[in-house]
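A quick write-up on the structure given underneath.
Each chain gets a letter, A, B and so on, in the order its sequence line appears, and its residues count up from 1. Below, each value reflects all heavy atoms present in this structure, side chains not excepted, and no hydrogens, waters or symmetry copies.
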2 protein chains.
Amino acid sequence: MDFYRTMGYVALGSYMRRLGEISQQASAQIYQMYGMDFEVKWFPVFLAIAENEFETVSKIAEYIGQSHVGVSLMVKEMSKSGFVETQKGITDKRETLVKLTPKGQQMQLRMNELLEDLQDTMTEVKNECETDVLRALMEYEQVILRKGLPERIKARLKTRERNKVKIIHLDPTNDAHRAAFKRINYEWIEKYFKVEPLDMESLENPDTFYINKGGLVLLAEYQGNIVGTSALKPMTADSMELSKMGVDSNAKGLGIGELLGQAIIEEGKRLGLKRLYLETNSRLLPALNLYQKLGFKTVKDFSSPYSRADVAMELWL
Amino acid sequence: MDFYRTMGYVALGSYMRRLGEISQQASAQIYQMYGMDFEVKWFPVFLAIAENEFETVSKIAEYIGQSHVGVSLMVKEMSKSGFVETQKGITDKRETLVKLTPKGQQMQLRMNELLEDLQDTMTEVKNECETDVLRALMEYEQVILRKGLPERIKARLKTRERNKVKIIHLDPTNDAHRAAFKRINYEWIEKYFKVEPLDMESLENPDTFYINKGGLVLLAEYQGNIVGTSALKPMTADSMELSKMGVDSNAKGLGIGELLGQAIIEEGKRLGLKRLYLETNSRLLPALNLYQKLGFKTVKDFSSPYSRADVAMELWL
DNA sequence: ATAATTTGCGTAAGTAATTACGTAAATTAA
DNA sequence: TTAATTTACGTAATTACTTACGCAAATTAT
């Protein structure tokens with residue numbers, strides 16, 4: 001059992017389960033001491049019925065926080081042992097109403113004695129503990145109910161994975177680079193628009209279209225795969241056009257677009273550019289948001305060789 | 001889930017188990033988020049192996065606090081999934097040594113990332129809680145390890161049951177009383193000694209032997225049954241002899257002898273007696289202890305009509 | 001050296017729950 | 001009113017363990 005001590009909070013869930021199981025074993029012993037021929041697992045169901053006669057299966061289930069199936073099975077068992085009896089609902093014929101039999105009421109009397117003693121015993125235990133376990137547990141429950149562990153860990157996972165993304169320059173001699181550049185961009189263009197002649201020219205020849213003209217193509221590499229692209233094409237002496245910004249649909253959500261955008265801006269500054277320009281489409285909301293986040297501002301009047309372009313933006317470096 | 005709030009400390013065990021289960025469900029989600037094709041239940045076993053290569057099944061079991069069977073099954077599953085491999089021990093051929101495969105080591109890397117993030121997340125949760133759940137749980141474990149719940153509750157159960165014992169006068173017209181008086185005393189006499197003529201006379205005729213002579217017979221009633229007897233027979237004007245002190249073997253441990261003894265002393269005082277006298281046998285240690293506890297002192301020289309009597313005691317009221 | 005006990009592990013069976021799924025009644029929407 | 005949805009419940013299958021038991025190797029006692 002050293003494990004839980006070593007792991008600490010990380011294994012808290014397992015630790016709680018184990019402690020709970022140990023306690024339940026103790027409960028079984030206690031029932032026996034009180035001469036009760038009664039299964040520990042019946043305890044919550046039994047008390048729910050004892051407290052409130054003619055409860056239905058699902059109400060009991062909700063009250064004690066178990067599945068209705070579990071309650072249904074236990075009611076059946078307890079019924080077989082003669083502690084409870086069931087009848088179908090009158091107003092709602094789907095319901096199964098459960099109540100104690102005389103034997104069950106007998107058991108309830110004994111149970112009350114046990115509970116009284118257990119109450120006292122637990123108070124004794126509580127007093128021996130410096131911290132109030134129950135309060136701590138209830139508080140913990142509230143905290144993870146407010147925001148669950150998966151939700152909490154999500155942000156950390158994202159930044160961790162994001163840090164694994166490397167931004168590299170497209171190498172025209174690398175076939176994998178050229179293939180990924182084509183694949184990723186064809187994917188989004190075909191999904192939302194139609195492939196235009198200029199798309200084909202640029203995607204097939206990144207070297208002559210971008211790099212040899214003084215521009216560049218950046219790729220995002222993640223887990224050995226190329227999962228994002230972006231390109232800069234010279235316009236004037238101190239301005240270039242950003243385009244072919246695409247992220248593999250399997251790698252969405254990691255913020256790869258933002259990483260590429262930031263890298264492009266860095267490259268622009270490094271090249272001594274004054275202005276970055278881009279054209280996009282108003283339907284591409286995530287893209288628009290990204291460009292805005294990066295600092296691009298909408299340009300009113302423009303003309304474009306691409307028929308899909310209905311928005312233009314620029315960023316002064 | 002209102003149940004646990006209503007029951008408080010009494011349902012602490014079940015509550016811990018439920019919370020633990022909820023946490024483990026969250027863990028399953030988290031593993032999926034990290035793209036790990038890994039079962040939650042493997043977690044402790046896997047970490048044990050990762051920490052210490054070539055662990056044996058039972059050492060892992062002890063470390064993580066589960067049965068060796070469980071570990072054995074999990075190792076088998078993990079082996080099938082390719083995360084670990086096993087080999088028989090060299091020095092001890094019964095042992096099964098377990099170590100990570102290359103695939104398992106790969107998983108360990110990812111696991112370490114997860115653990116790091118989980119660590120941070122749990123620290124976050126911990127900081128949101130006023131009380132330290134883990135510390136509270138560990139303290140609770142220590143407290144119930146020092147003295148378990150069944151042991152703690154035992155004393156309370158005993159006093160509760162003891163309070164249900166009623167001391168009544170034998171009613172010579174009540175056949176059940178007469179039968180119980182015979183049964184209980186024949187039981188112990190036959191077990192340790194031989195029934196003597198005086199026994200038969202007194203047990204068959206409690207009225208003429210005790211009551212009509214100014215003495216009395218007290219019975220202990222528990223749950224509708226007579227479970228203990230004791231009798232006073234006049235000796236002189238202000239002293240009587242205590243005898244036929246017996247407790248049903250099914251009702252031992254409730255302190256019924258003590259209750260009877262105390263009642264006898266009360267009766268003696270009520271009757272204005274100065275001295276109670278009794279004869280017993282040195283083999284009956286529990287009885288000797290009881291008489292001592294009640295205040296009786298050994299008498300040196302005496303003679304008795306019973307052959308089994310080798311100790312005599314008296315109590316001055 | 002032999003016998004008895006302990007230890008390590010695995011198979012089989014059992015347990016206390018669950019999820020998946022189906023049926024029928026009740027409720028709501030069209 | 002009919003259709004669609006929700007609710008209440010139960011059966012069957014699954015899960016994550018456990019205990020019971022047995023075998024064989026190792027250790028201890030005689």
Protein-nucleotides 4-8 of chain C N/O pairs under 3.5 Å:
residue, atom, partner, partner atom, Å
C:dT7, O2, B:Arg94, NH1, 2.4

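- In this structure, the CZ atom of A:Arg17 is 5 Å from the P atom of D:dC17, given to the nearest Å.
- If you measure from atom NZ of A:Lys59 to atom C1' of D:dT7, you get 12 Å, rounded to the nearest angstrom.
- In this structure, A:Lys93 does not reach the D:dA8 phosphate: none of its side-chain N or O atoms is under 4.0 Å from OP1 or OP2.
- Atom CD1 of A:Ile60 and atom C1' of D:dC9 are 12 Å apart (whole Å).
- Note on A:Ser72: a side-chain N or O is less than 4.0 Å away from OP1 or OP2 of D:dG10.
- Counting any heavy atom pair closer than 4.0 Å across all strands shown, A:Glu39 reaches sugar-phosphate atoms only and no base atom.
- Put simply, CD1 on B:Ile90 is 16 Å from C1' on D:dA25, counting in whole angstrom units.
- Inspection of the B:Tyr15 and A:Glu141 side chains reveals an N or O donor paired with an N or O acceptor under 3.5 Å.
- Rounded to whole Å, the distance from CZ on B:Arg18 to C1' on C:dT18 is 10 Å.
- Under 3.5 Å, the side chains of B:Tyr34 and B:Asp117 contain a donor-acceptor pair of N or O atoms.
- The distance from atom CD of B:Glu21 to atom C1' of C:dA16 is 9 Å, rounded to the nearest whole Å.
- The residue B:Thr91 sits close only to the backbone: its heavy atoms come under 4.0 Å of sugar-phosphate atoms, none of a base.
- Distance alone, capped at 3.5 Å, places no donor-acceptor pair between the A:Tyr140 side chain and the B:Val125 backbone.
- The CD atom of A:Glu55 sits 8.5 Å away from the CD1 atom of A:Ile49 when rounded to the nearest 0.5 Å.
- Between A:Lys41 and B:Val69, it is B:Val69 whose nearest contact on DNA chain C lies nearer the 5' terminus.
- A residue-by-residue look at B:Val71 and A:Leu97 shows that A:Leu97 has its nearest nucleotide of DNA chain D further toward the 5' end.
- The residue among A:Val40 and A:His68 whose nearest nucleotide of DNA chain C lies closer to the 5′ end is A:Val40.
- The closest donor-acceptor contact from the side chain of B:Lys126 to the backbone of B:Leu134 lies at 3.5 Å or more, if one exists at all.
- Salt-bridge annotation for A:Arg160 and B:Glu116: present, with a side-chain N of the basic residue lying under 4.0 Å from a carboxylate O of the acidic one.
- There is a side-chain donor-acceptor pair under 3.5 Å between B:Arg156 and A:Thr121.
- Rounded to whole angstrom, the span from the CE atom of B:Met74 across to the C1' atom of C:dC9 amounts to 15 Å.
- In this structure, B:Trp42 places its CH2 atom 15 Å from C1' of D:dC17, rounding to the nearest Å.
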